[in-house]
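Before any comments, here is the structure.
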2 protein chains.
Amino acid sequence: MSELVLHEYAASGNCYKIRLTAALAGKALVRREYDIMQGETRTADFLAKVNANGRIPVLQVGERFMPESNAACVYVADGTALIPADPFDRADMLRWMFWEQYNHEPNIATVRFWMGWIGEANLNDLQRALLPGKCEAGTAALRLMDEHLAGREWFVGDGPTLADICLYAYTHVAEEGGFALAPWPAVRGWIARVEALKGYIPITA
Amino acid sequence: MSELVLHEYAASGNCYKIRLTAALAGKALVRREYDIMQGETRTADFLAKVNANGRIPVLQVGERFMPESNAACVYVADGTALIPADPFDRADMLRWMFWEQYNHEPNIATVRFWMGWIGEANLNDLQRALLPGKCEAGTAALRLMDEHLAGREWFVGDGPTLADICLYAYTHVAEEGGFALAPWPAVRGWIARVEALKGYIPITA
């Protein structure tokens with residue numbers, strides 16, 4: 001396999017997903033940091049060479065570039081037990097990863113970014129109008145996770161998969177956006193199981 | 001393989017993706033229609049049995065249920081040439097499918113729904129405030145597709161994959177949301193190639 005280079009902003013949960021996947025899969029990553037607060041992923045050079053969409057993370061494999069965090073996790077975990085062999089379970093893993101990007105990340109990650117990076121006082125009018133809906137939808141996402149995890153250890157099948165890694169990334173720091181985890185015991189138990197996995201690394205590593 | 005039942009609202013591009021995948025893969029689907037405008041996917045029965053997230057499409061495989069349109073396409077296309085064998089290409093196909101759900105569908109599909117189903121005059125204040133940003137982001141998504149397709153026939157590799165099917169679903173009806181396709185010749189050429197595929201069915205089929 002070619003050298004894997006992660007173009008990232010380390011505090012981003014989307015970037016952390018890929019680092020955590022690599023750590024659990026025992027794969028090495030070279031890391032390149034960009035300051036998104038200074039617009040370093042919107043330069044002409046970045047747009048032309050790394051990602052025309054102007055976003056991180058991007059996984060570089062040799063001379064090829066792969067945006068989209070969850071797709072990069074699939075590439076890094078290819079051939080490992082983090083991707084189920086059964087076709088239904090494998091698609092079901094992707095189901096949770098698509099759900100994460102549609103129902104979870106735009107609410108929980110966005111509110112964390114607004115509160116922790118931009119700052120509530122600096123939100124513009126549109127962000128301020130969206131905030132209550134995003135808080136409500138983020139809480140609904142945590143509720144749905146808690147209901148799914150009640151009586152089971154992992155999102156899909158009997159062991160950890162990329163569905164767990166991708167959902168863990170922003171869930172375990174949801175309180176940084178003001179989302180309480182205390183009401184969701186099944187989620188808290190699952191977070192502890194992820195953190196006990198062999199090879200686990202924290203978001204700050 | 002168990003019988004495949006598609007719980008759907010036929011005019012939804014997300015539902016059509018799965019029908020088109022099944023048609024191209026030569027797989028049979030049983031179809032069950034719900035009227036989303038009458039709240040038929042938010043009933044207690046639907047939430048308990050089909051999808052706790054209250055959304056269609058859901059693919060039923062025997063007694064198991066799979067929400068998330070793009071994940072259902074992966075299950076239906078398993079083992080066919082619509083999913084590349086090469087690990088990078090396979091992850092790159094998913095990259096475009098995640099991008100579709102994050103950057104394309106929430107803009108192009110949502111604006112189509114607002115304009116064509118709810119009606120511009122009936123939008124609430126928040127929807128009205130979001131509309132200009134969604135129109136701009138939808139146009140940016142079409143531009144990025146056009147740039148990617150310039151000089152190539154398909155999104156990934158040398159043949160059609162699920163990336164093409166999933167992006168085609170809402171792109172080819174984007175004008176119903178007021179998005180012009182005329183400025184994007186590479187997108188229009190690619191739409192014609194999708195529509196020439198053996199087994200192709202239109203969204204109205």
Side-chain angles (χ1 to χ4, degrees), chain A residues 1-2 14 47-48 51-55 58-59 61-62 64-79 83 86-103 105-106 125-130 132-133 140-141 143-145 147-148 156 162-163 166, chain B residues 1-2 14 47-48 51-55 58-59 61-62 64-79 83 86-103 105-106 125-130 132-133 140-141 143-145 147-148 156 162-163 166:
Chain A
M1 190 188 267
S2 303
N14 284 327
L47 295 172
N51 186 6
N53 199 24
R55 290 169 181 269
V58 175
L59 182 69
V61 183
R64 303 179 72 181
F65 292 86
M66 187 176 301
E68 301 300 324
S69 56
N70 290 1
C73 288
V74 169
Y75 183 75
V76 170
D78 188 63
I83 300 179
D86 174 73
F88 188 95
D89 285 349
R90 197 164 55 234
D92 205 31
M93 173 194 84
L94 291 171
R95 162 256 181 125
W96 286 108
M97 293 163 74
F98 282 112
W99 180 82
E100 189 264 343
Q101 285 286 290
Y102 201 91
N103 285 270
E105 200 266 9
D125 288 347
L126 186 55
Q127 289 167 331
R128 216 173 286 279
L130 286 169
R143 178 181 297 112
L144 191 144
M145 290 172 68
E147 288 171 359
H148 181 72
V156 177
L162 293 182
C166 292
Chain B
M1 190 187 268
S2 302
N14 283 328
L47 295 173
N51 186 7
N53 198 25
R55 291 169 181 269
V58 175
L59 182 70
V61 183
R64 303 180 74 181
F65 293 86
M66 187 176 302
E68 301 300 325
S69 57
N70 290 0
C73 289
V74 169
Y75 182 74
V76 171
D78 188 63
I83 300 179
D86 174 75
F88 188 95
D89 284 350
R90 196 163 59 235
D92 204 32
M93 173 195 82
L94 292 171
R95 162 258 180 122
W96 285 107
M97 293 163 73
F98 282 112
W99 180 81
E100 188 266 342
Q101 286 286 290
Y102 200 92
N103 285 270
E105 201 265 10
D125 288 347
L126 186 55
Q127 289 167 330
R128 216 173 287 277
L130 286 169
R143 178 180 297 113
L144 190 144
M145 290 172 68
E147 288 171 359
H148 181 72
V156 177
L162 293 181
C166 293

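The structure presented is a predicted model; accordingly, all values stated were derived computationally and were not measured.
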Heaviest contributor of heavy-atom pairs below 4.5 Å to chain B, chosen from A/Met66, A/Arg55, A/Gln101, is A/Met66
If you apply the rule side chain to side chain contact (heavy atoms under 4.5 Å, CB included), what do you find for A/Leu59 with B/Arg95, and how did you get there?
CA-CA 11 Å; A/Leu59 182 69; B/Arg95 162 258 180 122; over 6 Å; no
One option among A/Asn53, A/Leu144, A/Val74, A/Asp92 has the most heavy-atom pairs under 4.5 Å with chain B, and it is A/Asn53
Taking B/Ala72, B/Ala129, B/Pro87 one by one, which has the highest count of heavy-atom pairs under 4.5 Å against chain A?
B/Pro87
For B/Gln127, what residues pass the side-chain contact (heavy atoms from CB on, under 4.5 Å) criterion, not counting sequence neighbours?
B/Trp114, B/Ile118, B/Leu123, B/Asn124
Show your working on side chain to side chain contact (heavy atoms under 4.5 Å, CB included) between A/Phe98 and B/Met97 and close with a plain yes or no.
CA-CA 9 Å; A/Phe98 282 112; B/Met97 293 163 73; 3.8 Å; yes
I'd like to check the side chain to side chain donor-acceptor pair (under 3.5 Å) partners of B/Glu105; sequence neighbours left out, ordered by chain and number.
A/Tyr102, B/Asn14
Is chain A contacted by the side chain of B/Met93, its backbone, both, or neither, given a heavy-atom distance below 4.5 Å?
neither
Any B/Leu130 side-chain heavy atom under 4.5 Å of A/Leu126 side chain
yes
With a 4.5 angstrom heavy-atom cut-off, could you sort out which part of B/Asp125 is near chain A: side chain, backbone, both or neither?
neither
Could you check which of B/Gly133, B/Ala71, B/Ser69 has the highest count of heavy-atom pairs closer than 4.5 Å to chain A?
B/Ala71
Using 30° and 60° as the class boundaries, would you call the ring planes of B/Phe88 and A/Tyr75 parallel, tilted or perpendicular?
perpendicular
